[in-house]
Each structure stands twice: as structure tokens, then as C-alpha cells.
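First comes the structure, then the notes that go with it.
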Amino acid sequence: MADHNVDLFVVGAGSGGVRAARIAAGYGARVMIAEEYRVGGTCVIRGCVPKKLLVYASRYADDFEDAAGYGWSGLAPVFDWKKLIANKDREIARLELAYTTNLERAKVAVVKTRAELVDAHTLRLLATGETVRARHILIATGAAPHMGADIAGLEHVISSNEAFHLQELPKRILIQGGGYIAVEFAGIFRGLGSEVTLVYRGENILRGFDDDVREHLRAEMERRGIKVITKQTVDAVEKTDHCYCVELSDRQSFMVDRVMFATGRKPNVAGFGLEQAGVKLAQNGGIAVDKFSQSSVAHIHAVGDVTNRINLTPVAIREGHAFADTVFGNKPTAVDHTDVPTAVFSEPEVGAIGLTEAQARERLPQVDIYKTSFRPMKMTLAGRDTRAFFKLVVDAATDRVVGCHIVGPDAGEIIQLVGIAVKMKATKADFDATMAVHPTAAEELVTLREKAMSYRREAAE
Ligand SMILES: Cc1cc2nc3c(=O)[nH]c(=O)nc-3n(C[C@H](O)[C@H](O)[C@H](O)COP(=O)(O)OP(=O)(O)OC[C@H]3O[C@@H](n4cnc5c(N)ncnc54)[C@H](O)[C@@H]3O)c2cc1C
């Protein structure tokens, strides 16, 4: 006999699991949720939220400098890393409590333990050894940093998890990786005053983003003093008396105070009994699911990063909600994974939605490109040498805007709203018919008149 019986057992109290648990409980299900680390999951505890707080902190440096051009003087700011981390930790603890309280208010039983599958209907709570029998199981275990090949000295390397808890701000840091987490941390550390080297094995940073965005961001990062090294990898890390010596594949070496890898994340699928339950994995290493997030076992579902579809918080939340509606609300709901807007909180920021120029040219016979690069107005008096970039990708056959790519201040905020227009299938004519808001940077989106490029593919004979 199991110690408990529930309608739904959720493994992992992160973005997807918490939402699913609350909505399912709202439909009257008896729900238990297990969390082995901290309630809130990656986003709240060591992802989006603490990262954005550090991004805010790092941007004050430019603001203090730029203020001089606007007549301010006498500013002699001093930065205190320990204070920032302590304040950030206090905010994260507040959020964790709020998440727990909301779950309990929804009558979800929260158990602070690792849970493992014993069979397709039974879970063991490792903290107490108790077992739970569940009618439905939701796996929402997220993902974890993947540190890559086992190079010499890997034990000295930190991931984003540890970067949030460093005792000191490193004077010099080398970050390996070219994805959004790597470029975001490069911007954070640079803004706070560290000497930053970014090493990436590919041709250019931000693989998967529009090529113009990748080039523009790289140039801007270099302008801010970040050393970007591509087509190289870290081969070895050696600890010396005071610092670390990092050797790259081309035998260049660097002496730094910290080495961080942001070389990807791996779904948390290992070692918790998926095999016993008969749950199958997909080619991408995540749990294989259908459009309703149902796994190969009918009463076991999976949402969020553990399925390795689109690894973003709002997507995990939407998948968790849709799961609860489908299974407990009698409202079968599939999540639409197309045209998901996204931001990179680098310095400057990136916002993107829809097709890149390369993707559009591959998929559509007629593509028009509109783009512009300009110095944001605020930077004129500030005297800062930086440029913003806006690009629209248009399906010339239908006039639909199928992609929008922005680099510049507030790109994340702007792309959220452009996202509505793109999702509604707005045309370039709709953009043009929208009155500009002046003076803003975003007005460029409705005043782009000149085609930068026009591609036409001949129909196959
Ligand atoms: C540094 C960083 C920055 C990010 N920034 C952004 C951003 O700006 N915007 C954005 O949209 N996304 C961002 N993300 C991604 C985002 O955090 C994830 O997509 C999101 O958290 C996924 O939610 P989830 O529910 O799938 O998993 P998670 O939030 O990872 O939750 C999974 C939970 O399951 C727990 N768990 C695992 N195994 C077990 C077990 N056997 N028993 C009990 N508990 C278990 C884990 O401890 C964890 O708390 C960022 C991620 C990182 C690492």
C-alpha cells in the first residue's frame, strides 16, 4: 500500500510544474508536487530573475557615464558586489516563499524532496522513503548546465548556477559559450567592471539568430571592450597560486580569476526511473511527447525544458497550463510553438520573433528585407558610440511580416508588442499604416520604406 494517493503528482516545482499543479488543483484534483532544490525552479532561483537583476545592476555603469553629457557631474559611484548579491538573494527568497504560499493556497501538497519513479504509477519521496500512488504524473524536472567534454581542470570551471553566488566580482573572467546565457553574463561582468573574454567554438555568437543580429551584437560587445574569440575551444584549465591559466585550442593562453562555461543545458532525465515507467526519450535527449505533452505512457506527461522543445519560461508555463486544461479541465489544449518572441538581455539587448532572413529565403519563394541601423537619440548627448539595429523580414507574396529582429535598448520590451502583430499575421502595409510614436527608437519599425534586399526564387520548371 502506498503512503499517499493523489490524482496528480508533479515532479519539479519550476515554471511548468508550478503552473500545472495550481491549475489542476483548481479543477478539483488532489495534487502533490515535489521539489528537490528550491520552489520556483531555474527561472526564479538561478535563471531569468536573478540574471535580469544582475543585468540591471550592470547597466548603471553606462548610465553614470552618459549622465555627464546631460550636465550631471560629481558622480563618483562605487560598486559593491556583495551587497548586490545579498539584495538579489533576499528578493529570490521572497519570490520562493510567494510561490510556495500560492501553491499551498491552491491546496497543492508541497514536498521538499527528490522524487523518483518506482513504476508507472508509483513515486518514492527520497527525503522520507514514503511512496505515493498517482493516477497521473507530470514530469517537469527542467534542465541542468552541460559542461561539455571532460577537459583537464574542468573541476575549476563554474556554470551559471555558481555565477550567481560568487564571493567576489572577478577582475578577469573567461566565459566559454556563444548562446544567450554566455553573452548575457559577458555583458553583466563587463558592465560591472570585469575584463571579459568570450570564447566560442562556432563562426559567430548566438547561433540560430538572424545573421545581421549576430554580427551587430558581436561588434557592439567588442566596442564595449569584451574580447570575443570564435572558432576556438577551451582545452585545459590549470589552477595557479592566485588565478587560473586557460589554454585554448590554438594554444593561446589567458590568466583569469574565473572560468565559466555556458555551453548548453541538458534535460534532467537521468537517474529517476524513466526506464522503469517505460517513458521514452526523443532524439533531442528530452522526453518524447505529443502536442498535448503526453509521453509514451498515456498517464505520464512532461512539460518544459525536460522535453527540450523551446526552453523558455513562458513556454514551460503555457505547456503546464495546457496539460492541466487537457487532463483535468476537459479542454484538450495543444500549445502553439510557432512565432515565439524572445529576448537576449545582452548589452545591448536583442529581441527576435519569427523567421530569420536565411530561414525565410529557404522556406519562401519571395522575400523582402527592410533594415536600418542608427545611433539612438539618447546616445547623442551622451557621446556614446553605439548603434541600434532593426530588421523586418517580409513574405513578398502575401506582404506578411514573418520576422522581426532588433538590437538596441529595450529590444525585449519592443519585441513583446511586435509579437502580437506578427502572431496576428500583420502585413508590412499594416506596419506602414500605423502612426509612428515620435521620438522613439521603435518608430523605425513603422517608417521602414526602402527595401534593403529583395529575393525572388524562380518556380521549378
Ligand atoms: C541563467 C539562465 C537564464 C535564463 N534566462 C531566461 C530568460 O531570460 N527568459 C526565459 O524565458 N527563460 C530563461 N531561462 C530558461 C528558463 O529558466 C527555463 O526555460 C525554465 O525555468 C524551464 O522551466 P521548467 O519548469 O521546465 O524547469 P525548471 O524551472 O528548471 O524546474 C525544474 C525543477 O525540477 C526540480 N527537479 C529536478 N529533478 C527533480 C526530482 N527528481 N525530484 C524533485 N525535483 C526535481 C529542479 O530542482 C527544478 O527546480 C534561463 C535559464 C538559465 C539557466
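Remember, it's 1-based here, ligands and their atoms both numbered in the order they're listed. Along the sequence shown, residues are numbered consecutively beginning with 1. Note that this is a predicted model, so its numbers are computed, not measured.
Donor-acceptor pairing under 3.5 Å is recorded for the side chains of D325 and Y27. A donor-acceptor pair shorter than 3.5 Å can be found between the side chains of R309 and T307. Judged by distance alone, the side chains of R318 and T313 never bring a donor and an acceptor atom under 3.5 Å apart. Side-chain polar atoms of E349 and S346 form no donor-acceptor pair below 3.5 angstrom.
For the pair R46 and Y37, the distance from NZ or CZ to the six-membered ring centre is under 6.0 Å and the angle to the ring normal is within 45 degrees.
If you check which protein heavy atom lies closest to atom 9 (N) of ligand 1, you get C48 SG, 3.8 Å. Closest protein heavy atom to atom 45 (C) of ligand 1: E36 CG, 3.6 Å. Looking only at protein heavy atoms, the nearest one to atom 53 (C) of ligand 1 is R265 NH1, 3.2 Å. Of the protein's non-hydrogen atoms, T42 N, 3.0 Å is the one closest to atom 29 (O) of ligand 1. With hydrogens left out, the protein atom closest to atom 40 (C) of ligand 1 is V11 CG1, 3.6 Å, a heavy atom. Nearest protein heavy-atom contact of atom 2 (C) of ligand 1 is G47 CA, 3.4 Å. Closest to atom 20 (C) of ligand 1, if we only count protein heavy atoms, is T313 OG1, 3.5 Å. The protein atom (non-hydrogen) at minimum distance from atom 21 (O) of ligand 1 is C43 N, 3.4 Å.
Among the atoms of D305, some N or O lies under 3.5 angstrom from an N or O of ligand 1. For a threshold of 3.5 Å applied to N or O pairs, the pair formed by A115 and ligand 1 contains at least one separation below that value. The shortest N or O to N or O distance between Y180 and ligand 1 is under 3.5 Å. In terms of polar-atom proximity, K51 is counted as a contact of ligand 1, with an N or O under 3.5 Å from an N or O of the ligand.
The shortest heavy-atom distance from V18 to ligand 1 is not under 4.0 Å. For the pair K52 and ligand 1, no heavy-atom separation below 4.0 Å is found.
For ligand 1, the atoms closer than 4.0 angstrom to any heavy atom of P314 are 11 (O). Taking a cut-off of under 4.0 Å to the non-hydrogen atoms of A316, the atoms of ligand 1 that pass are 23 (O). Ligand-side atoms of ligand 1 in range of N311: 15 (C), 19 (O), range being under 4.0 angstrom from any heavy atom. Residue A34 has at least one heavy-atom neighbour below 4.0 Å for each of these atoms of ligand 1: 43 (C), 44 (N). Every atom of ligand 1 is numbered from 1 in the order shown, and the set under 4.0 Å from a heavy atom of G16 is 25 (O). Taking a cut-off of under 4.0 Å to the non-hydrogen atoms of G304, the atoms of ligand 1 that pass are 26 (O). Residue contact check: L312 has heavy atoms under 4.0 Å from atoms 10 (C), 11 (O), 12 (N), 19 (O) of ligand 1.
For atom 33 (C) of ligand 1, the nearest non-hydrogen atom from the set E35, R19, R114 comes from E35.
Here the two rings, on F389 and H405, have centers that are 6.0 Å apart or farther. Between F185 and F164, a ring centre-to-centre spacing shorter than 6.0 Å is recorded. Two rings, from F374 and F390, have their centers less than 6.0 Å apart.
Looking only at side-chain heavy atoms (C-beta outward), M260 and P170 stay at 4.5 Å or farther from each other.
Taking NZ of K391 as the start and CD of E444 as the end, the distance is 15.5 Å to the nearest 0.5 Å.
At distances below 3.5 Å, at least one donor-acceptor pair connects side-chain atoms of R190 with backbone N or O atoms of R224.
Using a cutoff of 4.0 Å between basic side-chain nitrogens and carboxylate oxygens, E195 and R172 are not scored as salt-bridged.
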Under the criterion side-chain contact (heavy atoms from CB on, under 4.5 Å), I'd like the reasoning laid out for V269 against V306: C-alpha separation, chi angles, the key distance, then a yes or no. CA-CA 7 Å; V269 291; V306 75; 3.8 Å; yes
